[in-house]
Protein chains: 2
Amino acid sequence: MNLNDTLFRLKALGVKVTPQRQEILEVLLGEERYYSAEEILKKVQARYPAVSFDTVYRTLNLFKKLGLVVELNFQGGYRRYEFNHADRHHHHLVCLKCGRSQKLACCPTDCLAGIEEENPEFAITGHSFEIYGYCKDCRGQVK
Amino acid sequence: MNLNDTLFRLKALGVKVTPQRQEILEVLLGEERYYSAEEILKKVQARYPAVSFDTVYRTLNLFKKLGLVVELNFQGGYRRYEFNHADRHHHHLVCLKCGRSQKLACCPTDCLAGIEEENPEFAITGHSFEIYGYCKDCRGQVK
DNA sequence: TCCTAGATCAGATTTATTCCGATTTAGGTA
DNA sequence: TACCTAAATCGGAATAAATCTGATCTAGGA
């Protein structure tokens with residue numbers, strides 16, 4: 001999924017393509033990692049200095065609803081956002097220092113199936129599975 | 001793990017046992033579910049009206065460090081706390097409406113082992129695995 | 001009973017996110 | 001191409017969650 005495909009998809013959904021939204025997408029597509037709202041704001045402001053937090057948050061929430069962006073709630077209450085590259089559901093290996101993440105092919109579907117079977121009265125709507133730690137570049141720097 | 005065992009453990013760790021801390025523990029031990037800081041505050045204030053948010057948060061963070069309490073970051077950025085009943089690591093089936101949770105015996109250890117093997121350069125420190133949905137009592141009420 | 005490190009209280013502060021009203025604009029239409 | 005309007009943006013204010021601060025209090029050891 002590249003920028004043009006995504007812009008086309010937005011138009012098809014009747015969503016206006018503004019320069020700010022386009023720039024936010026370019027940031028998210030630039031590097032496959034999680035970003036904080038502030039990081040995104042700073043990067044977007046490099047080209048559009050007047051962009052506000054409000055625009056960043058509104059856009060991220062819109063993209064989240066459209067399935068273009070995934071939000072993760074880190075331990076400690078930090079929210080991070082990543083472009084939803086995958087066509088299908090996936091999980092992450094997340095570096096707690098630099099925030100970079102890598103997709104994992106693995107999903108604990110066997111666990112989920114078992115849980116669903118054992119709890120038929122519970123209506124499962126979703127699940128989270130994230131692995132935390134320190135990546136190659138950061139593991140030495142942990143104070 | 002009951003109240004007296006826990007109080008004994010606190011004393012053994014050199015941590016002061018105050019009435020507020022004891023009451024917070026009683027709340028957490030009362031029902032096996034996740035609580036928000038505010039819910040805990042309200043319940044503790046029923047007996048100690050002067051208790052402040054500060055005390056609740058400080059105590060929860062202390063208990064978290066001591067491993068007595070588990071914190072979960074819900075989607076949307078809500079933090080919830082639960083007494084760490086289990087002697088060993090476990091996961092939850094969490095109701096998004098009432099907040100009640102039930103422990104799961106299942107843990108995706110096979111996934112984790114595979115991930116660890118495939119990413120030897122990444123220092124894994126932890127993982128999250130939570131299943132969200134609506135429990136028997138709440139599934140009909142979802143608006 | 002006294003003493004002191006540690007805990008609490010109350011309110012101020014910080015930080016992340018959302019809201020609001022005025023202004024601007026993307027994209028459809030004539 | 002110019003116009004129109006719903007939707008998006010801006011900037012700052014408002015809100016909410018969590019933490020900090022400084023004065024006061026207290027659990028538990030001597």
Side-chain angles (χ1 to χ4, degrees), chain A residues 3-4 6-25 27 34-66 68-69 71-81 99, chain B residues 3-4 6-25 27 34-66 68-69 71-81 99:
Chain A
L3 184 61
N4 285 334
T6 309
L7 295 178
F8 183 81
R9 198 173 146 197
L10 284 178
K11 280 178 186 161
L13 287 162
V15 172
K16 283 186 184 174
V17 175
T18 65
Q20 295 90 338
R21 288 181 174 175
Q22 189 165 332
E23 186 65 18
I24 289 172
L25 277 176
V27 169
Y34 279 106
Y35 292 91
S36 67
E38 193 177 358
E39 282 177 303
I40 293 169
L41 179 71
K42 290 279 158 58
K43 282 175 181 282
V44 171
Q45 281 182 335
R47 197 183 294 182
Y48 301 102
V51 165
S52 68
F53 260 118
D54 187 54
T55 296
V56 171
Y57 279 114
R58 253 185 311 95
T59 304
L60 287 171
N61 285 330
L62 173 69
F63 288 173
K64 202 169 67 177
K65 270 188 213 151
L66 298 177
L68 290 174
V69 158
E71 180 189 89
L72 183 66
N73 292 282
F74 277 25
Q75 268 112 333
Y78 306 110
R79 289 195 215 178
R80 293 293 123 96
Y81 301 87
Chain B
L3 185 61
N4 285 335
T6 310
L7 295 178
F8 183 81
R9 197 172 148 200
L10 284 179
K11 279 177 187 163
L13 288 162
V15 173
K16 283 187 184 172
V17 175
T18 66
Q20 295 89 339
R21 289 180 175 176
Q22 189 163 332
E23 186 65 20
I24 289 172
L25 276 176
V27 169
Y34 280 106
Y35 292 91
S36 68
E38 193 178 359
E39 282 177 304
I40 294 169
L41 179 71
K42 290 278 158 60
K43 282 174 180 283
V44 171
Q45 281 182 335
R47 196 182 294 182
Y48 301 101
V51 166
S52 67
F53 259 118
D54 186 55
T55 296
V56 172
Y57 280 115
R58 251 185 313 96
T59 304
L60 287 172
N61 285 329
L62 173 69
F63 288 173
K64 202 170 65 176
K65 269 187 213 152
L66 298 177
L68 289 175
V69 158
E71 180 189 89
L72 182 65
N73 292 281
F74 277 24
Q75 268 111 336
Y78 306 110
R79 289 195 217 180
R80 292 294 123 95
Y81 302 87

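Throughout, a chain's letter reflects where its sequence line sits, starting with A, and its residues are numbered from 1.
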Quiz item: Where do Y48(A) and P19(A) come nearest, in terms of heavy atoms and distance?
Solution: OH-CB, 3.5 Å

Quiz prompt | Distance in Å, E39(B) CD paired with L41(B) CG, rounded so as to fall on 0.5 Å steps | solution = 11.0 Å

Practice problem: With sequence neighbours left out, write down each residue that passes side chain to side chain contact (heavy atoms under 4.5 Å, CB included) with Y78(A), or none if nothing qualifies. | Solution: F74(A), R80(A)

Practice problem: Considering only heavy atoms of chain B and a distance under 4.0 Å, specify the first and last nucleotide of DNA chain D in 5' to 3' order that meet this criterion. | Solution: dA17(D) to dG28(D)

Quiz item: dA16(C) C1' sits how many Å from N73(A) CG, rounded?
Solution: 12 Å

Practice problem: Take L66(B) and L10(B) through the test side-chain contact (heavy atoms from CB on, under 4.5 Å) and record every step on the way to the result. | Solution: CA-CA 9 Å; L66(B) 298 177; L10(B) 284 179; 3.7 Å; yes

Quiz item: So, does Q22(B) use its side chain to make a donor-acceptor pair with the main chain of V17(B) at under 3.5 Å?
Solution: no

Self-check item: Terminal helix-axis angle for the helix from dT1(C)-dA30(D) to dA30(C)-dT1(D), with five pairs defining each axis and rounding to 10 degrees
Solution: 30°

Exercise. Send over the distance from F53(B) CZ to dT15(C) P, rounded to a whole Å.
Key: 20 Å

Quiz item: Within less than 4.0 Å of OP1 or OP2 of dT8(C), is there a side-chain N or O belonging to S52(B)?
Solution: no

Quiz item: Listed by chain and number, what are the side-chain hydrogen bond (donor to acceptor under 3.5 Å, both in side chains) partners of E38(A), not counting sequence neighbours?
Solution: K42(A)

Practice problem: Tell me what R21(A) touches on the nucleic acid: a base, only sugar-phosphate, or nothing, going by heavy atoms under 4.0 Å. | Solution: sugar-phosphate

Quiz item: Of the residues in residues 36-46 of chain A, which ones touch DNA chain D at a heavy-atom distance under 4.0 Å?
Solution: none

Exercise. With heavy atoms under 4.0 Å as the rule, sort R58(A) into base, sugar-phosphate or nothing.
Key: base

Quiz prompt | Residues forming a side-chain hydrogen bond (donor to acceptor under 3.5 Å, both in side chains) with R58(B), sequence neighbours excluded | solution = D54(B), T55(B)

Self-check item: Any donor-acceptor N/O pair, R21(A) side chain to K16(A) backbone, under 3.5 Å
Solution: yes

Quiz item: At their closest point, which heavy atom of V56(B) faces which heavy atom of I24(B), and how far apart are they?
Solution: CA-CD1, 4.1 Å

Self-check item: Between dG6(C) (P) and L10(B) (CG): distance, integer Å
Solution: 16 Å

Quiz prompt | Nucleic acid footprint by protein, nucleotides 21-30 of chain C - heavy-atom cut-off 4.0 Å, B for base, S for sugar-phosphate alone | solution = -----BS---

Exercise. Rounded to the nearest angstrom, tell me the gap between atom CD in Q22(B) and atom C1' in dA7(C).
Key: 15 Å

Quiz item: Given dT17(C), is OP1 or OP2 found less than 4.0 Å from the side-chain N or O atoms of R79(A)?
Solution: yes

Quiz prompt | Set of ring-ring contact (aromatic ring centres under 6.0 Å, His included) partners for F8(B), sequence neighbours left out | solution = none

Quiz prompt | Set of residues satisfying side-chain hydrogen bond (donor to acceptor under 3.5 Å, both in side chains) with respect to E71(A), sequence neighbours excluded | solution = K64(A), Y81(A)

Self-check item: Approximate separation, where rounding is to 0.5 Å, of L60(A) CG and R79(A) CZ
Solution: 10.5 Å

Quiz prompt | T59(A) vs Y81(B), nearer the 5' end of DNA chain D by closest nucleotide | solution = T59(A)

Quiz item: So how far is it from L62(A) CG to L68(A) CG, rounded to the nearest 0.5 Å?
Solution: 8.0 Å

